[in-house]
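Here the structure is laid out as structure tokens; the discussion comes afterwards.
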Amino acid sequence: MRSDEIKKGLDRAPHRSLLYATGISKSSINKPFIGICSSFTDLIPGHIGMRDLERSIEKGIHTGGGYSFIFCVPGVCDGIAMGHKGMHFSLPSRDLIADMVETIVEAHRLDGIVFISNCDKITPGMLMGAARLNVPSLFVTAGPMHSGYYKGTRRSFVRDTFEAVAKYRKGEIDDNELENLEMCACPGQGSCSGLYTANTMACLTEAMGMSLPGCATALAGFANKRRIAFESGVAICNLVEKNITSRDILTKNSFENAITVDLALGGSTNTVLHLPAIAYEVGYKLPIELFDSIGKRVPNIAKIRPAGEYFIEDLDAAGGIPAVLKRLSPFIKENKTVSGLMITEIISKAVIENDDVIRPLDNPYRREGGIAILKGNLAPDGAVVKQSAVDESMFEFTGKAVVFNSEEEAMTSIISGKIGEGSVVVVRFEGPKGGPGMREMLAPTAAISGSGLQKVALITDGRFSGGSRGPCIGHISPEAAEGGPIALIKNGDNIYINIKKRELTLLVSDSELTKRKKELQPFKPKYNTGSLAKYSRLISSASEGAIFKTEEGKPW
């Protein structure tokens with residue numbers, strides 16, 4: 001066992017003394033040492049219930065023959081960090097978490113790890129750490145929040161808070177209505193109840209085989225989640241005994257299965273950043289074009305908020321991810337899972353309980369998957385749109401650019417009513433380097449939706465929340481800070497969007513763009529000290545997953 005390096009032999013007497021100081025008994029010191037990597041915090045609704053899950057996992061580990069040690073990593077709540085300086089730190093926290101996981105597990109030579117995760121950058125950060133370490137690993141995602149309820153209607157975070165703010169500004173709702181909505185939209189523990197980034201990543205973690213069947217959609221705070229946590233503790237001991245490591249499960253097939261499920265569900269566009277970054281840690285280059293090629297074969301079979309009116313609780317009642325895998329079985333590739341079952345065995349046991357929540361392949365909501373990759377002279381290396389959340393009347397659109405060099409500038413203009421129909425709002429210098437940290441544009445997109453603007457698109461080298469809906473095109477690469485074409489746009493330029501044809505074009509002549517390129521001033525980083533300064537200088541393009549890599553293209 002890896003842990004023998006800190007507990008076996010004469011020279012390890014000092015190490016054993018320190019271990020005994022933690023309270024471990026002599027009868028347990030020779031058991032496998034299993035880390036419980038928790039992201040518990042009082043700051044994030046999706047994480048406030050993790051102390052309960054830690055206990056259940058501990059019981060499972062000790063039942064399975066291991067000995068558990070809890071350690072923690074930090075987490076950022078994207079909803080709380082949204083719309084101010086805090087959002088600069090969200091995406092960078094993903095890589096910080098991966099580094100912390102690597103540091104603790106390697107320093108203490110743990111034999112296996114159960115990760116307790118939930119929200120936006122924490123799950124992918126932990127997955128990156130697990131992939132990098134290649135030790136037996138298993139995930140317990142802490143579960144979605146139950147929907148809120150007000151005036152006979154189920155409520156959710158984005159539509160009933162961010163979009164409600166825009167309705168308040170228009171005078172459509174009053175102070176009392178806004179207060180009631182904000183009090184009930186998030187009724188308790190769990191990740192926000194729609195198919196936003198947190199729940200998308202939970203679903204993909206299960207689809208990849210890194211969590212037990214049913215884990216992704218089992219509701220936070222419910223007994224079923226505790227049972228899954230207990231069984232996960234038992235299962236990690238089996239993985240350690242058989243030496244089944246993270247890279248035995250995180251294979252090319254597992255990533256393609258994850259993309260398939262993502263596109264079928266209509267998940268968050270942030271997965272186009274996270275899956276390539278996780279794959280990079282196992283040495284597999286996952287091109288963003290793969291999302292498009294799979295998406296043209298795999299239909300969109302679910303309509304979960306923000307795209308539709310269903311919630312994650314409905315997906316759970318319909319059979320969860322096992323049922324989705326069963327529906328998608330013609331596209332799913334065989335792979336191991338942490339449960340000890342192969343993907344096909346999980347599919348064989350699954351039951352689909354609702355044919356509208358998880359539609360048949362011959363009756364999808366849309367014939368293509370939820371995400372499309374657009375290219376053109378405005379995005380030579382690609383851009384991303386959640387087409388499942390775009391009204392088809394806006395699949396082809398030409399509009400006049402209204403250009404902003406920050407989210408704050410754009411937000412001020414939108415809420416003051418200065419954006420008119422027929423506009424393409426351009427928000428630039430918000431990419432991985434330029435932001436830095438590639439901030440989410442949920443506040444501007446929610447303000448546009450809540451204002452009732454129908455013929456307005458928003459494009460950015462930043463990114464979007466899984467809660468964004470409408471013609472919102474992000475991840476434009478190369479970004480403005482790298483001198484990408486988005487930096488050359490001027491107010492009044494015509495921009496052509498064609499989602500079906502995957503086109504994003506700045507309708508300006510090549511000669512004019514060449515002239516503008518020569519006149520472009522070098523980008524000056526916004527931060528010269530601290531973590532954001534380091535991030536801005538070292539991070540790669542969104543088209544590569546916003547990763548750290550050496551000049552030779554290898555992981556740090």
Side-chain angles (χ1 to χ4, degrees), residues 76 78 81-82 84-99 120-122 124-125 128 197 201 268-281 285-288 291 373-374 378-385 404-408 410 426-442 444 458-466 468 472-487 522-551 553 555-556:
V76 170
D78 278 24
M82 197 81 65
H84 55 86
K85 181 180 178 179
M87 183 47 74
H88 289 296
F89 291 89
S90 176
L91 185 58
S93 74
R94 182 191 72 176
D95 299 85
L96 175 66
I97 288 165
D99 290 348
D120 292 23
K121 308 305 170 292
I122 303 145
M128 290 167 67
T197 304
M201 283 305 305
S268 167
T269 53
N270 281 312
T271 59
V272 185
L273 285 174
H274 299 324
L275 289 178
I278 299 161
Y280 187 71
E281 295 290 349
K285 181 174 175 56
L286 195 162
I288 62 171
F291 285 81
I373 306 299
L374 311 186
L378 187 45
D381 294 338
V384 182
V385 63
F404 304 97
N405 289 331
S406 72
E407 178 189 2
E408 287 83 359
V426 179
V427 187
R428 63 191 179 190
F429 295 102
E430 289 286 7
K433 289 182 181 294
M438 205 178 179
R439 290 193 291 176
E440 288 186 349
M441 302 292 146
L442 177 56
L458 191 151
I459 69 172
T460 181
D461 53 7
R463 58 193 175 87
F464 294 110
S465 161
S468 293
C472 308
I473 299 167
H475 305 208
I476 290 178
S477 302
E479 63 175 293
E482 294 184 311
I486 190 172
F523 172 71
K524 294 181 180 179
K526 298 172 185 174
Y527 292 86
N528 295 308
T529 59
S531 62
L532 292 179
K534 290 185 287 186
Y535 189 85
S536 179
R537 284 166 173 76
L538 297 172
I539 201 67
S540 76
S541 169
S543 64
E544 298 177 305
I547 54 175
F548 292 100
K549 62 180 184 178
T550 64
E551 291 181 0
W556 280 99

For [X], give me all partners under side-chain hydrogen bond (donor to acceptor under 3.5 Å, both in side chains), at least two apart in sequence or on another chain.
X: Glu430; value: Arg439
X: Ser540; value: Glu544
X: Ser536; value: none
X: Asp95; value: none

Short side-chain to backbone donor-acceptor contact, [X] and [Y], under 3.5 Å:
X: Asp461; Y: Ser477; result: no
X: His475; Y: Gly382; result: no
X: Thr271; Y: Ser268; result: yes
X: Arg428; Y: Ala480; result: no

The criterion is side chain to side chain contact (heavy atoms under 4.5 Å, CB included); which residues satisfy it with [X], sequence neighbours excluded?
X: Ala379; value: Ala383, Ile476, Leu504
X: Ala546; value: Leu91, Arg94, Leu273, Pro432, Tyr535, Ile539
X: Phe89; value: Lys85, Ser531, Leu532
X: Pro478; value: Pro380, Asp381, Glu482, Pro485

- line: Rounded to the nearest 0.5 Å, the CD1 atom of Ile473 sits from the CD1 atom of Ile373 at a distance of 11.0 Å

- prompt: How long is the gap from CZ on Arg463 to CE on Met438, to the nearest 0.5 Å?
  reply: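 Rounded to the nearest 0.5 Å, the CZ-CE separation comes to 7.0 Å.
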
Heavy-atom pair with the smallest gap, counting every atom of [X] and [Y]:
X: Met128; Y: Ala98; value: CB-CB, 3.9 Å
X: Pro436; Y: Tyr527; value: CD-CD1, 3.5 Å
X: Gly125; Y: Ile97; value: C-CG2, 3.8 Å
X: Ser90; Y: Ser93; value: O-OG, 2.5 Å
X: Thr460; Y: Val427; value: OG1-O, 2.7 Å
X: Ala81; Y: Val76; value: CB-CG1, 3.9 Å

- prompt: Does Lys121 have any salt bridge (charged side-chain N to carboxylate O under 4.0 Å, His left out) partners at least two apart in sequence or in another chain, and if so, which?
  reply: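 With sequence neighbours excluded, Lys121 shows a salt bridge (charged side-chain N to carboxylate O under 4.0 Å, His left out) to Asp78, Glu440, given in chain and number order.
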
- prompt: Please, which pairs that meet salt bridge (Lys or Arg N to Asp or Glu O under 4.0 Å) have at least one residue in residues 523-542, sequence neighbours excluded?
  reply: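 As it turns out, there is no salt bridge (Lys or Arg N to Asp or Glu O under 4.0 Å) pair with a partner in residues 523-542 once direct neighbours are skipped.
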
query: Would you say the side chain of Leu458 lies within less than 4.5 Å of the side chain of Phe464, judging by non-hydrogen atoms?
result: yes

field: Counterpart residues, ring pair (Phe, Tyr, Trp, His ring centres under 6.0 Å), relative to Phe429 (two or more places apart)
entry: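 Scan of Phe429 (ring pair (Phe, Tyr, Trp, His ring centres under 6.0 Å), adjacent residues dropped) gives Phe523.
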
